[in-house]
Enquirer: 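Below is a structure I'd like to ask you about.
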Amino acid sequence: MDGTANIAVDVRQRIEDLIADYAHMIDDDRLEEWPDYFVEDCYYRMIDRHSYAKGYTIGIMECSSRGMLQDRILALREANVFEPHCYRHLLSGTRITGEKDGVYTVVTSYTIIRTMQEGDMSVFSAGKYLDEVVFEGGEPKFRSRLVICDSNRVHTLIVIPI
Amino acid sequence: MDGTANIAVDVRQRIEDLIADYAHMIDDDRLEEWPDYFVEDCYYRMIDRHSYAKGYTIGIMECSSRGMLQDRILALREANVFEPHCYRHLLSGTRITGEKDGVYTVVTSYTIIRTMQEGDMSVFSAGKYLDEVVFEGGEPKFRSRLVICDSNRVHTLIVIPI
Amino acid sequence: MDGTANIAVDVRQRIEDLIADYAHMIDDDRLEEWPDYFVEDCYYRMIDRHSYAKGYTIGIMECSSRGMLQDRILALREANVFEPHCYRHLLSGTRITGEKDGVYTVVTSYTIIRTMQEGDMSVFSAGKYLDEVVFEGGEPKFRSRLVICDSNRVHTLIVIPI
Amino acid sequence: MATILNENATLKDKVHWEPGFNHVPYMIYTDPDVYAEEQQRLFRGPMWNFVGIENEIPKKGDYVTNYVGDTPVIVLRDMDGAVQVLVNRCAHRGNLVCIAKEGNETELTCVYHNWRYDLQGNLKSIAFGKGVGKGATKTGGMPDDFDYSKNGMRRLRVETFFGMIFATFSETVEPLAEFLGDEMRENIERLLGRGMVLLGTYSQYMPNNWKLYMENTRDSYHASILHMFQATFRINRLSMKGGIKLSPGEKHHISYSIAETDREETEYDSSKLRAVKDGYTLADPSLIKSWREYDCGTTLAIQTVYPNCIVQQISNSLALRLCLPKGPEECELLWWVLGTPEDTPEQREIRIKQSNMIGPGGVISLEDGVVGGWIQRGTLRDQEKSTVVEMGGRGVAPSGEGRATEVAIRAWWKVYRECMGI
Amino acid sequence: MATILNENATLKDKVHWEPGFNHVPYMIYTDPDVYAEEQQRLFRGPMWNFVGIENEIPKKGDYVTNYVGDTPVIVLRDMDGAVQVLVNRCAHRGNLVCIAKEGNETELTCVYHNWRYDLQGNLKSIAFGKGVGKGATKTGGMPDDFDYSKNGMRRLRVETFFGMIFATFSETVEPLAEFLGDEMRENIERLLGRGMVLLGTYSQYMPNNWKLYMENTRDSYHASILHMFQATFRINRLSMKGGIKLSPGEKHHISYSIAETDREETEYDSSKLRAVKDGYTLADPSLIKSWREYDCGTTLAIQTVYPNCIVQQISNSLALRLCLPKGPEECELLWWVLGTPEDTPEQREIRIKQSNMIGPGGVISLEDGVVGGWIQRGTLRDQEKSTVVEMGGRGVAPSGEGRATEVAIRAWWKVYRECMGI
Amino acid sequence: MATILNENATLKDKVHWEPGFNHVPYMIYTDPDVYAEEQQRLFRGPMWNFVGIENEIPKKGDYVTNYVGDTPVIVLRDMDGAVQVLVNRCAHRGNLVCIAKEGNETELTCVYHNWRYDLQGNLKSIAFGKGVGKGATKTGGMPDDFDYSKNGMRRLRVETFFGMIFATFSETVEPLAEFLGDEMRENIERLLGRGMVLLGTYSQYMPNNWKLYMENTRDSYHASILHMFQATFRINRLSMKGGIKLSPGEKHHISYSIAETDREETEYDSSKLRAVKDGYTLADPSLIKSWREYDCGTTLAIQTVYPNCIVQQISNSLALRLCLPKGPEECELLWWVLGTPEDTPEQREIRIKQSNMIGPGGVISLEDGVVGGWIQRGTLRDQEKSTVVEMGGRGVAPSGEGRATEVAIRAWWKVYRECMGI
Ligand code: FES
Ligand code: FES
Ligand code: FES
Ligand SMILES: [Fe+3]
Ligand SMILES: [Fe+3]
Ligand SMILES: [Fe+3]
């Protein structure tokens, strides 16, 4: 990949920071900020790599507006019943693979360690992010974020976004 | 977080290198170097995120001087009895969150894979480092390093620092 | 380590990109590209850290030419029988430890999460890469890549290179 | 069904279950002997086990692997175009014959020693079966009296219904249509009669006995209570018109409701039920936008086909589920999320948005993935104690009206005790 | 205690344990039947189980969850301000009632179907217990003869002592004060009588049977040998003045020593014991700085309260520990690290520094987290063989002087055999 | 061998194995009672267990840890230079005496309470064995009648053969030379007689019963079929000259072949065997470059020494393997990859390159690491059913010619049934 060839160093840095900050936001349980990382007309989707390759249109989560992101968090905080737990994101190899009309396509590998309240830890999810990042008012934001999980299995449930 | 806005690129780079080198030092079992990563009047503490949030003053480890760091390693080498094992640090999303009077506050996510001598591997710890970094004689050093583990559980024992 | 002191920023960046791209190539199952990441007269070896310390000459894999790398992939695609699975590389702390006659020595920690086709995930391998990188026609390539696994155990089999 | 009505003395002794279906001993969710016996008496008993859908194997030679209970099977379309289900095990030394989860083969070859089977599971050839070399120098090979016809792969009886594939180990079970019964067939036809388009699949792995999940799906009582999202947006409330249907013999069930008919119900006063939150509105209501898909007006229908298959309509979200036992204390739920060939782009879009309500990440159904595990942990000790399943009485009569009842659960256990002989 | 003195014929047969307490069959650390029986005869037997401390639940409605043996329980302060301990299980279908590890509730509501209990565990209401709708249209609901009073949550007897909360399943066990006995109460009062401040908590998960850890805590013999750190800095040496106290009936014990009184002891000559390193000095001795906190001069006191509670004073480091069985081959050690309201800032600082000696990362006690696992691995095979517990003889008489003895371990097994009936 | 020929009634009953060696009940690969009995009757029966090689412990005091079955042992060279094998367990309370995988000690000291043993396992001293203090003030210590000589570490009988170390629990088993028999000794001497250089070690952890791997190594039939790499490059084809040797009593076996002698064999026509790919050439053939190392021309020899040791020659790649049981459904394969002191640099280079064919990542043998797991999954249910082991007949007569036979597997089970008494 040399999509990065013509990308200014600071642009790259700021996109990498966006992706790092997003992970800290979730791991720190600052979920109300989640929608702010996206533009209004955004797309967030979680699907396993096998289904993605097959072109299935339905995955684990599908949000096609910032409002739907807000509703996910509202449901998590107010409606859904689950056992307290937290994530730890591990990010690796963020690479800008291209740029077109100010839209940067970015890939990043991730793994999430889930820790339950009683202390048991497990590898909850591994995969990669396929992102479209734009600069809105000088700030980098996700126009689209695809979470491609390596596994088609979810253990118990998934309520905290990845 | 835009604490990094006014941070010089090379300062950031050197702080990131400090944090990476620290992890290699531990994973390579060069533990005698451990205290050198801190200033003399330093603070090292390991505590789980739940206890940290509650403001408990006692965690898994508490070292309030470089001497105590040395003593930890001396005990590990000379006194403590345990089964040979090693760590592999995975670091993610190092971010400088602020700077005041030459003290940089830095956050980094981590996960440690522990490998026992007979070969079994496990996710031993996940969490984040909350650091205060200063430059001493031009070299970045930890003035304070908090290890905030996601889990309140330690499997078997912890003798090698994180 | 201050081997990086005199290394130009962009050289460092390009070496880090090489190492990140290599991981994406494997995780994306673009294995036919694997040999292209090496120079013709290359060396690839996988061995556990204990055996490496003892100086054993035989490890898990030994390739001493780009042709042998090609043959490994040919065998994987055409001859070997195994259950479909994929890797997710997590890289951490890439550091250039020195440079001599255009050969850069680099260390990077890694962990691999293996996902089987039915969805079970496990920590398959953790360790570090010890690389020698050269620039060939302006492109960074591996002259030598040592994979030093923390564990001497391999679960079931290893057919996809690390 | 004489064979299965045989009492299971040893197990009966171990479980000592008082008569009736209004109490279930905790032990039933953890005991390894109970688990092993279920494999024989339920999954290999007089049941039609759902094993997949036809449009995953459209072409001759297409196969997918799956499980009947915890027995690995291959579901394939043979060279005559017929669907076959074979136990995924080589007659030679027991190796899995199909390793990949899906593929296409004109014959089945075991990788270990290349024994070859046709797609009906008949053993066709054995590598070096005639030995190596010829005449005098010939060595090895199979005994002359080795009977190829007795060494095929185990083949199950198969029937399909509107794209759903069912298989059975039983030689005596009634035909599928009869097994399902009229009402069950009607509901499947209503939902799948237009044909199916596979929109997605995923798996939810749960830390509980598979029966706890099956009870959950037969439990119309919990639906609008545990799942606050559902109650709040009136997707399903017990005060809606609806009821429970049971097939003759109580094997299968349907719990249905019709949203337009919500009766005023003081129990939903939020002061009394934690399931209803006031002033809780969606920033983007398109998530719950729906269209009137069925003339009958049914907006929710959860159907179970004994022992472990679920047919789901939640508003316009259609899905099939299979709950696979994975040892006494774990199970895996496989999902097939569906549309129809007739869907307009708008309708397809609605199905996609509604998919946020279901599955391991569904704002409605994610809770179903965790309660089972909590019960497993809550009942781990006191194995001799029992649950109370008395909502709506202690009998198993279908409920024409209303779903504040556990009748479908009691019915499930009635069938269970009959088959298990305890 | 007639019931528990009943001999346990089957188990006795399986374990075939020779008489006496100076040999322990390895099997006792791995056998699942032994484990299951312990849950009944020990943890639900005539024991007061430590379940937490009062200042984790200061306000009405505060609760924490914990375990008695491996039975999940809720420890709470009810609306009358009384401490209650309830089995964390809903009477309906067995769901965990409290999901979070801690919280505050004015009543307990099960999320599955909203059955509601007061903080004494009495069942107060059942969602749709009266069905849905009214009069003729009424459907569902519980049977009229359903008895709310018989369907509460299981409530345990509770007593507290200087902030420590104890609970029991037994109706017959003597009151807590009597259960503890004078010397045990005195030591707890000495350490906790000033009140407690919770300075920290953590958990240590160990790959061994819980009894191996309890033996370790009753084992005054290993203390200064395994833990070289301790011997080297004379925090605890067998040559110090000290002894073993046993409660009447030998259930509980205290091992104590007084640092100022170290006798000259040739055994500590480093040439003979690997536990003593010469010329080993701390770069920062503040780690082991201490003050004379108790008039009696006691500098170390390890107390065990049967079956699995530990009260610790190591110099100025105070802690409570609970060793929870997690199946035959695993256990979890919960720690409450304490200070007192009277601590001066300097004293608090000393307690914090000394905390480096304890817990899973403590330079002294980290070894206790691993020896159990080594024994588990070392004895996995040869289950019929036994340990040798004869240091200090074969009897169970308290040792007024000296701690080079395993008497407290023998006493532990004496009580064990009585309760288990083997 | 009277003791082991004793029939094992209970197990026989449980397994109900029809007479003969041409069928193996699936249950044998999963049953925990079978597993436990193997530890006694095989690994502690009349067998010489391979436990390591002498040049891992060249100096006095050198030790490595390993396992006999699943019993942890220490393999060491004592101060007289003799090799000793001790059960790695302290006589006191069962702690592992050696924690590290390897090291050098002049005596063995248990870290828990410093009991000290010499390198023959004799108990030499007990910390505070005489108590603390002197005369009147003396306290603690061991009973006067405590017998040191009866409290040593369990020591096994040991014999070595060309650097291979074997140990046994049995007092009655014949000497090692006799146990191996002439042909087995000759093959070991042929490969290791020049002395050994340890080139590498690794471990392969497999999700299957250990016996499935042992069958695999006795299975000359699969070699050239499963491992396409091998067939394609004529490293081993059933059409080559070769055969199966069995030791008297059938305990051990050798499967060998001579590459230069490939007979024309239509079965290898790629249209019939998936194991042969046409036009498959290596970019760097140096991987399979070899030299004629042995006058006999043998290019492949896989030897098994009962119960779980393998001696390997694949072309010029030499290795020893030990298959350790790790519970009924897992095993660990330890590898010692070898060269000889006589190797020229070119020969050493060839051995290194050929090492790509073996081990967990070997293009030939990686498949052996996974088929066992597939069989475990394929046979999990239907435990009462059996494998078919009839290639080359149903008897156990060695095959002078040809390897398209499962005779060595049948022979393995013959010995197994005799020893296990089932
Ligand atoms: S196991 Fe299938 S061919 Fe041998
Ligand atoms: S299980 Fe608690 S209310 Fe139903
Ligand atoms: S266990 Fe070995 S000395 Fe006590
Ligand atoms: Fe539900
Ligand atoms: Fe201790
Ligand atoms: Fe093989």
Side-chain angles (χ1 to χ4, degrees), chain A residues 1-13 16 19-20 23 47-54 60 88-98 105-114 121-131 147-156 158 162, chain C residues 8-30 33 36-37 83-94 106 108-129 135 137-141 155 160 162:
Chain A
M1 314 178 191
D2 29 43
T4 56
N6 347 359
I7 309 294
V9 171
D10 72 319
V11 167
R12 176 174 183 171
Q13 185 64 76
E16 289 177 356
I19 288 165
I47 188 168
D48 71 273
R49 77 191 281 167
H50 184 68
S51 297
Y52 183 67
K54 285 198 157 198
I60 304 289
R88 182 60 50 189
H89 277 71
L90 296 165
L91 305 173
S92 180
T94 294
R95 297 287 282 126
I96 299 176
T97 56
T105 52
V106 189
V107 59
T108 303
S109 285
Y110 78 86
T111 288
I112 287 176
I113 306 300
R114 182 184 65 179
M121 296 183 287
S122 61
V123 176
F124 181 61
S125 182
K128 66 180 174 183
Y129 292 109
L130 292 183
D131 300 321
V147 181
I148 314 294
C149 322
D150 290 339
S151 175
N152 64 318
R153 245 186 214 168
V154 172
H155 195 285
T156 313
I158 177 163
I162 284 176
Chain C
V9 172
D10 72 319
V11 166
R12 175 172 184 171
Q13 185 65 76
R14 298 194 57 199
I15 289 175
E16 288 176 356
D17 291 347
L18 169 73
I19 288 166
D21 291 342
Y22 175 102
H24 284 300
M25 172 273 295
I26 288 176
D27 297 352
D28 291 345
D29 192 31
R30 294 180 273 109
E33 300 174 17
D36 307 339
Y37 281 80
E83 195 163 352
H85 61 278
C86 67
Y87 289 167
R88 182 61 48 190
H89 277 72
L90 295 164
L91 305 173
S92 181
T94 295
V106 189
T108 303
S109 285
Y110 79 87
T111 289
I112 287 176
I113 306 300
R114 183 184 65 180
T115 301
M116 304 307 291
Q117 67 176 351
E118 284 199 348
D120 32 312
M121 296 183 287
S122 61
V123 176
F124 181 63
S125 182
K128 66 180 176 183
Y129 291 110
F135 282 76
E139 288 305 310
K141 304 226 175 211
H155 194 286
I160 302 173
I162 283 176

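Order of the sequence lines fixes the chain letters, A, B, ..., with proteins taken first and strands second; residue numbering starts at 1 for each chain. In what follows, every heavy atom counts, from backbone to side chain, and hydrogens, waters and symmetry copies are set aside. None of these values were measured; they are calculated from a predicted model.
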Enquirer: So which part of C:Asp10 gets closer than 4.5 Å to some heavy atom of chain A, the side chain, the backbone, both or neither?
Expert: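 Contact with chain A is absent: no heavy atom of C:Asp10 under 4.5 Å.
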Enquirer: Does A:Arg12 come within less than 4.0 Å of C:Asp17, counting only side-chain N to carboxylate O?
Expert: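 A salt bridge is present here (some side-chain N lies under 4.0 Å from a carboxylate O).
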Enquirer: Heavy atoms only, distances under 4.5 angstrom: which of C:Thr111, C:Asp120, C:Val9, C:Ile19 has the most pairs with chain A? Name it, please.
Expert: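 The candidate making the most pairs under 4.5 Å is C:Asp120.
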Enquirer: Identify which part of A:Ser122 has an atom lying under 4.5 Å from any heavy atom of chain C, answering side chain, backbone, both or neither.
Expert: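 For A:Ser122, neither part sits under 4.5 Å from chain C.
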Enquirer: Measure C:Ile113 against the heavy atoms of chain A and call it side chain, backbone, both or neither at under 4.5 Å.
Expert: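 For C:Ile113, the contact with chain A is made by the side chain alone.
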Enquirer: Taking all atoms of both residues into account, what is the closest heavy-atom pair of A:Ala20 and A:Leu91, and its distance?
Expert: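 Scanning both residues completely, I find the closest heavy atoms to be CA-CD1, 3.9 Å.
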Enquirer: Quiz question: by atom type and distance under 3.5 Å, do the side chains of A:Thr94 and A:Tyr129 form a donor-acceptor pair?
Expert: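 On atom types as modelled, these side chains do not qualify, holding no pair under 3.5 Å.
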Enquirer: Report which part of C:Gln117 has an atom under 4.5 Å of a heavy atom belonging to chain A: side chain, backbone, both, or neither.
Expert: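 The backbone, not the side chain.
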Enquirer: Decide yes or no for C:Arg88 and C:Thr115: does some side-chain heavy atom of the first lie under 4.5 Å from some side-chain heavy atom of the second?
Expert: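 C:Arg88 vs C:Thr115: side chains apart.
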Enquirer: Do A:Tyr110 and A:Cys149 come close enough that some side-chain heavy atom pair is under 4.5 Å?
Expert: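 Counting from C-beta outward, A:Tyr110 and A:Cys149 do come under 4.5 Å.
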Enquirer: Go through the atoms of C:Val123 and report whether side chain, backbone, both or neither lie under 4.5 Å from a heavy atom of chain A.
Expert: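 Side chain only.
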